[in-house]
Amino acid sequence: MRIAVTGSIATDHLMTFPGRFSDQLVADQLHTVSLSFLVDNLDVRRGGVGANICFGMGQLGTAPILVGAAGSDFDEYRAWLDRHGVDTGSVRISEVLHTARFVCTTDADHNQIGSFYTGAMSEARQIELQAVAERVGGLDLVLIGADDPEAMLRHTEECKTRSIPFAADFSQQIARMTGEDIRTLLEGATYLFSNEYEKGLIESKTGWTDEEILGRVGHRVTTLGSRGVRIERAGEEPVVVGCPEEDGKVDPTGVGDAFRAGFLSGLAWGVGLERAAQVGCMLATLVIETLGTQEYTLRRAHFMDRFTKAYGHEAAEEVRAHLA
């Protein structure tokens with residue numbers, strides 16, 4: 001199964017604030033916030049939702065195709081992704097802009113405040129999926145992740161026009177999108193990904209109820225934080241999967257991307273929705289235990305031991321056949 005992942009390619013500048021953001025906010029002054037946080041450390045990591053998802057899929061051996069735009073400073077990052085099983089042949093390189101930057105501060109309660117510089121990502125709108133499909137011999141699914149908004153709209157319309165199944169995953173871009181844009185991006189999606197907060201925001205901005213949205217997509221996949229994930233389909237009972245036990249919380253950045261990587265890999269293997277969600281939750285657990293979105297190591301034996309403990313021997317044997 002050939003899966004292309006469109007989305008941002010960026011470097012992450014991750015900082016940790018030892019206090020709580022909520023302690024710094026004055027309730028009657030929220031309209032004029034002016035805050036600066038003295039942080040303990042700075043880590044510069046590879047990131048971007050498209051690259052993060054592809055890295056996870058590459059770790060699981062499903063050969064994802066990364067579709068996005070980067071700057072001339074992408075060479076080292078490209079080599080890293082290539083070494084980890086990602087097809088980077090469809091990444092557009094800008095001649096004038098740097099690769100995008102994400103700057104994020106995390107507090108003691110794992111709340112986050114972040115900013116994103118677009119950079120070369122703005123050129124993703126110039127990428128045509130048909131050229132990607134021709135290069136790799138066709139596409140079975142395209143995940144349309146957070147990216148240049150015009151690129152997201154173009155990729156969605158092209159998938160619809162060319163009858164390519166697609167997954168809608170607005171993520172951070174929901175905040176700047178209009179209800180009309182969101183309706184366009186989710187209509188006809190095989191999968192719609194969001195977390196609980198984004199789920200409510202999608203419904204608020206589109207004016208559609210949960211039931212109306214379920215009638216317009218194949219599956220609605222909602223991540224629930226530490227409670228796992230819920231997968232819904234119109235007229236069917238939801239599939240709910242919990243998370244494995246964590247060894248410890250280090251950094252939540254990239255956890256949602258890791259879930260998507262595991263879930264999409266499960267789809268590529270042809271396992272059922274529940275099993276795919278279990279793989280996603282296991283991979284997400286590895287990421288929350290690691291500082292950085294692509295710094296974890298997937299050791300097969302370790303992965304399967306923890307997967308077996310969380311989901312049982314029958315589930316593990318089905319997944320083990322693909323990891324082997």
Only pairs under 3.5 Å count here: list side-chain donor-acceptor contacts from residues 36-46, not counting sequence neighbours, and write none if there are none.
{"unit_1": "N41", "atom_1": "OD1", "unit_2": "T16", "atom_2": "OG1", "d": "3.4"}
{"unit_1": "D43", "atom_1": "OD1", "unit_2": "R45", "atom_2": "NH2", "d": "3.3"}

Under 3.5 Å, side-chain donor or acceptor atoms of residues 104-117 against the rest of the protein: list the pairs with distances, not counting sequence neighbours.
{"unit_1": "T106", "atom_1": "OG1", "unit_2": "Q112", "atom_2": "NE2", "d": "3.2"}
{"unit_1": "D107", "atom_1": "OD1", "unit_2": "D109", "atom_2": "N", "d": "2.9"}
{"unit_1": "D107", "atom_1": "OD1", "unit_2": "H110", "atom_2": "N", "d": "3.1"}
{"unit_1": "D107", "atom_1": "OD1", "unit_2": "N111", "atom_2": "N", "d": "2.8"}
{"unit_1": "D107", "atom_1": "OD2", "unit_2": "F21", "atom_2": "N", "d": "2.9"}
{"unit_1": "D107", "atom_1": "OD2", "unit_2": "N111", "atom_2": "ND2", "d": "3.4"}
{"unit_1": "D109", "atom_1": "OD1", "unit_2": "R20", "atom_2": "NE", "d": "3.1"}
{"unit_1": "D109", "atom_1": "OD2", "unit_2": "R20", "atom_2": "NE", "d": "2.9"}
{"unit_1": "Q112", "atom_1": "NE2", "unit_2": "T253", "atom_2": "OG1", "d": "2.8"}

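Listed by first then second residue, pairs satisfying ring pair (Phe, Tyr, Trp, His ring centres under 6.0 Å) with a partner in residues 131-155 number zero, not counting sequence neighbours. Applying the salt bridge (charged side-chain N to carboxylate O under 4.0 Å, His left out) definition to pairs two or more places apart or across chains, those involving residues 201-228 are E187-R216, E196-R227, K199-E203, K199-D210, E203-R220, D210-R220. A ring pair (Phe, Tyr, Trp, His ring centres under 6.0 Å) check over residues 70-90, counting only residues at least two apart or in different chains, returns the pairs F55-W80, F55-H84, F74-Y77, W80-H84. Judged as a side chain to side chain donor-acceptor pair (under 3.5 Å), the pairs with a partner in residues 266-281 (not counting sequence neighbours) are, in order, R275-Q278, R275-E318.
Under the side chain to side chain contact (heavy atoms under 4.5 Å, CB included) criterion, A189 pairs with F166, A168, V217, sequence neighbours left out. Judged as a salt bridge (charged side-chain N to carboxylate O under 4.0 Å, His left out), and not counting sequence neighbours, the contacts of D73 are R101. Listed by chain and residue number, nothing satisfies the side chain to side chain contact (heavy atoms under 4.5 Å, CB included) test with E314 (two or more places apart in sequence, or in another chain). In this view, D169 and I53, L143, S171, F193, R260 satisfy the side chain to side chain contact (heavy atoms under 4.5 Å, CB included) rule, not counting sequence neighbours. When the side chain to side chain contact (heavy atoms under 4.5 Å, CB included) test is applied to E246, the partners found at least two apart in sequence or on another chain are K249, T285, I288, E289.
Applying the side-chain contact (heavy atoms from CB on, under 4.5 Å) test between V221 and each of L192, I231, L273 identifies I231 as the sole match. Screening L66, T156, I65, V67 against T6 for a side-chain contact (heavy atoms from CB on, under 4.5 Å) leaves a single residue, V67.
Within the model, atoms CD1 of I164 and OG1 of T190 stand 11.0 Å from one another, a figure rounded to the nearest 0.5 Å. Going from atom CE of M282 over to atom CG of L60 covers 11.0 Å, rounded to the nearest 0.5 Å.
Checked by atom type, the side-chain pair N195/T223 shows no donor-acceptor distance below 3.5 Å. If you check the side chains of Q294 and N52, you find a donor sitting under 3.5 Å from an acceptor. In summary, the side chains of T88 and R78 do present a donor paired with an acceptor at a separation below 3.5 Å, with no hydrogens or angles considered.
Residue-environment remark: NZ (K309) stays at or below the threshold of 12 foreign heavy atoms within 6.0 Å.
Other cluster members for L291: V250, joined by side-chain heavy-atom distances under 4.5 Å among Ile, Leu, Val, Met, Phe, Trp and Tyr.
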